[in-house]
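Everything numeric in this text was worked out from a predicted model, so none of it was measured.
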Amino acid sequence: AATVQSDSATVGALLPETAVQDLPLNGRNVFGLVRMVPGANEGLPSSLSTGNRPDDRRASSSVSVNGQNDIVNNNMVDGMDNNERSIGSLGVRPSVDAIAEVKVQTNMYTAETGRTAGAVVNILTKSGANDFSGSAYLFYRNAALDAYNYFANKSQPVPKNDQQQFGGSLGGPIVRNRTFFFGDYERFHQVRGITAVATVPTARMRTGDFSQLSAVIYDPTTAVRTPFPGNVIPAGRIDAVAQKFLNLYPLPTSGALVNNYTATRDRTQTADTFDIRVDHRFTNDRIAFVRYSDNRVETVAPGVFEEVNGIAAGGSAGGFAGAATSKAFNVAANYLEVFSPTLIMEVKGGWTHIDNESVPETYGQNVSQSFGLPGVNVSDITSGLPNFTVAGYTTLGDATFIPILIKNNNWQVNATVTNTRGNHNLKAGAAVIRRSFLVYQSNNPAGTFGFTAAPTNNGAGAGGDAVASFLLGYPASVTRAVLIAEPTLQSWEPSVFVQDDWRVNDKLTLNIGVRYDVFTPLTEKNGQIANIDLTTMQFLVPGQNGVGDTAGVKTDWKNISPRFGFAYTLAGGTVFRGGYG
């Protein structure tokens with residue numbers, strides 16, 4: 001490959017098949033190579049596409065280019081859209097064995113490329129050939145030579161770190177010189193022990209005995225703050241329902257009052273990747289292929305606390321405990337015709353489906369109902385264990401902001417024509433994408449109960465310790481937020497472009513282009529979304545008062561993107577680039 005690309009203003013890099021196949025990749029994640037491109041880094045650890053969030057538990061696809069947010073990249077496979085609309089991650093990720101090359105643009109994009117302020121990552125897949133070729137591999141890792149985590153309990157075995165990744169590929173002819181195939185399969189399985197430290201109530205506190213504390217426990221029912229004798233809450237004053245929930249806390253593993261519980265729980269993940277592509281050559285000038293890619297990932301993220309009588313007590317420390325299932329597949333078809341050595345037409349079409357679902361550890365269990373707390377578990381979404389925020393102690397119960405259900409269906413078609421005339425290389429094209437996506441997420445569907453030590457304005461709180469307020473059944477706050485509908489949002493994304501790479505002379509090349517994009521307002525498939533007109537202070541409800549399904553939002557058809565670039569080459573190979581877009 002040329003050291004310096006002197007005929008284009010676009011900044012980026014091409015990762016050829018040799019780089020994809022030969023460079024070491026932890027977990028065989030191709031985005032590890034993308035981050036090697038100048039100006040590229042991995043996004044923040046809390047980013048939605050890192051695999052650390054319940055929105056998308058798959059291996060990280062986070063790439064931040066030139067300081068941009070990692071959700072503004074344009075992910076593509078074989079030149080077609082591969083983006084998840086709601087959180088900015090990607091659709092499918094072909095196996096490394098199925099990748100022919102990866103083209104990354106980081107700045108001064110061509111007019112052919114739209115949508116993005118970050119990187120354009122285009123993964124091109126392999127085709128078969130007249131010769132049979134294939135691969136097989138196995139990568140294995142365990143904890144045999146690992147050291148203990150600093151906080152781990154040294155009396156227990158070293159936390160697990162087992163990882164297996166195996167698979168293979170095969171390509172060759174179906175009909176020699178005419179029809180070819182390429183397929184691959186990969187499985188990834190990991191069990192990793194996560195050590196966490198938590199603060200839990202002592203055995204004496206669970207009975208109402210706080211005599212080991214210097215802080216005074218008060219009776220919140222008295223008009224004048226009256227302390228309990230000996231700092232012990234009488235057994236008759238302990239709330240029976242609160243006692244059941246409090247007993248879900250595990251007993252301390254040390255004699256301290258703070259950071260007195262250490263545990264190692266296993267996080268498991270299993271991922272299956274499958275790709276199949278068939279190429280057919282009608283003639284030497286007419287070529288087509290179809291491809292199917294499928295990704296499935298099952299993840300179980302543990303809480304800090306072990307189960308008690310079959311109930312996962314949560315204690316999420318730095319994570320969203322629960323099970324997550326991610327499914328994505330893509331069907332694509334491509335047709336290319338060479339009319340002459342200077343005129344080429346290419347037509348593409350595809351469908352991408354993405355389905356991510358994350359639920360808490362006790363999803364489907366009506367814990368509140370069985371413990372005698374009414375009005376909580378009234379549906380599948382509101383099932384599970386409430387979240388108990390106890391000041392000074394590790395949170396008990398299911399994590400907030402789950403369940404999450406994300407579904408995407410993206411249909412697309414695009415066509416381009418390339419024509420070379422003298423020192424002009426002209427390219428024009430049009431595309432349309434129909435997006436339909438569902439994002440269903442509730443903040444705390446099973447409710448959140450907050451307990452503090454100090455009395456609040458409404459008199460709640462026993463003073464001295466939040467566990468005392470818990471035992472007495474005096475929360476400082478009770479909140480609940482449940483999304484009552486599952487909105488399926490839809491939009492159209494049509495676009496056209498024309499570009500000309502004009503080689504003025506041996507030292508000056510002009511990249512001139514114009515692109516026109518339209519992103520229509522989101523509409524709800526079943527009329528479950530409304531708007532408000534601030535000029536008339538009137539609610540605009542779909543299907544009422546003459547309002548269409550756009551809920552009164554007008555489309556801005558003036559989104560035009562002119563682009564101009566140049567590359568000027570000096571003697572010695574120095575290239576100056578610039579442009580406007």
Side-chain angles (χ1 to χ4, degrees), residues 1-43 47 49-50 59-83 88-126 416 418 425 427 497 499 501 503 509-511 513 515 563-570 572-579 581:
T3 304
V4 176
Q5 184 179 2
S6 60
D7 58 354
S8 175
T10 300
V11 180
L14 179 66
L15 303 173
E17 182 178 354
T18 52
V20 175
Q21 296 294 328
D22 297 342
L23 291 176
L25 280 174
N26 185 17
R28 291 171 55 83
N29 185 352
V30 69
F31 280 88
L33 293 181
V34 175
R35 298 182 193 114
M36 294 173 61
V37 173
N41 296 281
E42 187 170 11
S47 296
S49 57
T50 58
S60 174
S61 59
S62 173
V63 178
S64 173
V65 172
N66 301 329
Q68 293 287 343
N69 196 307
D70 62 352
I71 68 172
V72 297
N73 298 322
N74 186 4
N75 295 292
M76 307 173 76
V77 175
D78 291 324
M80 286 186 286
D81 184 272
N82 186 40
N83 296 289
S89 64
L90 81 166
V92 297
R93 184 195 335 244
S95 171
V96 168
D97 279 16
I99 297 175
E101 64 181 35
V102 181
K103 185 176 183 180
V104 183
Q105 300 178 46
T106 59
N107 207 339
M108 290 302 301
Y109 321 103
T110 61
E112 182 180 6
T113 304
R115 183 189 181 277
T116 185
V120 180
V121 181
N122 188 12
I123 297 174
L124 302 181
T125 58
K126 286 182 181 177
T416 58
T418 304
N425 187 41
K427 192 170 188 178
F497 77 92
Q499 66 184 40
D501 296 327
R503 190 175 180 85
T509 300
L510 297 179
N511 309 123
R515 179 179 182 87
R563 302 194 179 185
F564 173 84
F566 70 87
Y568 188 79
T569 307
L570 296 177
T574 303
V575 178
F576 289 91
R577 291 184 173 90

*Going through the distances and angles, do V96 and L25 end up as a side chain to side chain contact (heavy atoms under 4.5 Å, CB included)?*
CA-CA 10 Å; V96 168; L25 280 174; 4.1 Å; yes

Minimum heavy-atom separation for [X] to [Y], with atom names?
{"X": "P94", "Y": "A98", "answer": "CB-CB, 4.4 Å"}
{"X": "F497", "Y": "E112", "answer": "CZ-CG, 3.6 Å"}
{"X": "R515", "Y": "T113", "answer": "CD-O, 3.9 Å"}
{"X": "I99", "Y": "Q21", "answer": "O-NE2, 4.0 Å"}
{"X": "A119", "Y": "V65", "answer": "CB-CG2, 3.3 Å"}

*Report the C-alpha separation of D70 and V63 in whole Å, then their side-chain angles, then the decisive distance to 0.1 Å, and conclude whether the side chain to side chain contact (heavy atoms under 4.5 Å, CB included) test is met.*
CA-CA 5 Å; D70 62 352; V63 178; 5.6 Å; no

*Using the side chain to side chain contact (heavy atoms under 4.5 Å, CB included) rule, take N83 and L90 through it: C-alpha gap first, then chi angles, then the decisive distance, then the call.*
CA-CA 5 Å; N83 296 289; L90 81 166; 5.9 Å; no

*Partners meeting side chain to side chain donor-acceptor pair (under 3.5 Å) with K103 (sequence neighbours left out)*: none

Give, for atom [atom1] of [X] and atom [atom2] of [Y], the distance between the pair rounded to the nearest 0.5 Å.
{"X": "S61", "Y": "I71", "atom1": "OG", "atom2": "CD1", "answer": "11.5 Å"}
{"X": "Q68", "Y": "T116", "atom1": "CD", "atom2": "OG1", "answer": "8.0 Å"}
{"X": "R503", "Y": "N511", "atom1": "CZ", "atom2": "CG", "answer": "11.0 Å"}

*Could you walk me through whether T125 and D78 pass side chain to side chain donor-acceptor pair (under 3.5 Å), step by step?*
CA-CA 7 Å; T125 58; D78 291 324; 2.9 Å; yes

*List for me each residue that meets side chain to side chain contact (heavy atoms under 4.5 Å, CB included) alongside N425, sequence neighbours excluded, and say none if there are none.*
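Per chain and number, N425 pairs via side chain to side chain contact (heavy atoms under 4.5 Å, CB included) with T418, T420, D501.
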
Report all side-chain donor-acceptor pairs from residues 27-36 shorter than 3.5 Å, counting only partners two or more places apart or in another chain.
| residue | atom | partner | partner atom | Å |
| --- | --- | --- | --- | --- |
| R28 | NE | E186 | OE1 | 3.0 |
| R28 | NH2 | D97 | OD1 | 3.0 |
| R28 | NH2 | Y137 | OH | 3.3 |
| R28 | NH2 | E186 | OE1 | 3.3 |
| N29 | OD1 | F31 | N | 3.1 |
| N29 | OD1 | R93 | NH1 | 3.0 |
| N29 | ND2 | S60 | O | 2.7 |
| R35 | NE | S62 | O | 2.8 |
| R35 | NH2 | S60 | OG | 2.9 |
| R35 | NH2 | S62 | O | 3.2 |

*Donor-acceptor side-chain pairing of N75 and N73 below 3.5 angstrom*: no

*Go through L15 and E101 one step at a time and tell me if the side chain to side chain contact (heavy atoms under 4.5 Å, CB included) criterion holds.*
CA-CA 6 Å; L15 303 173; E101 64 181 35; over 6 Å; no

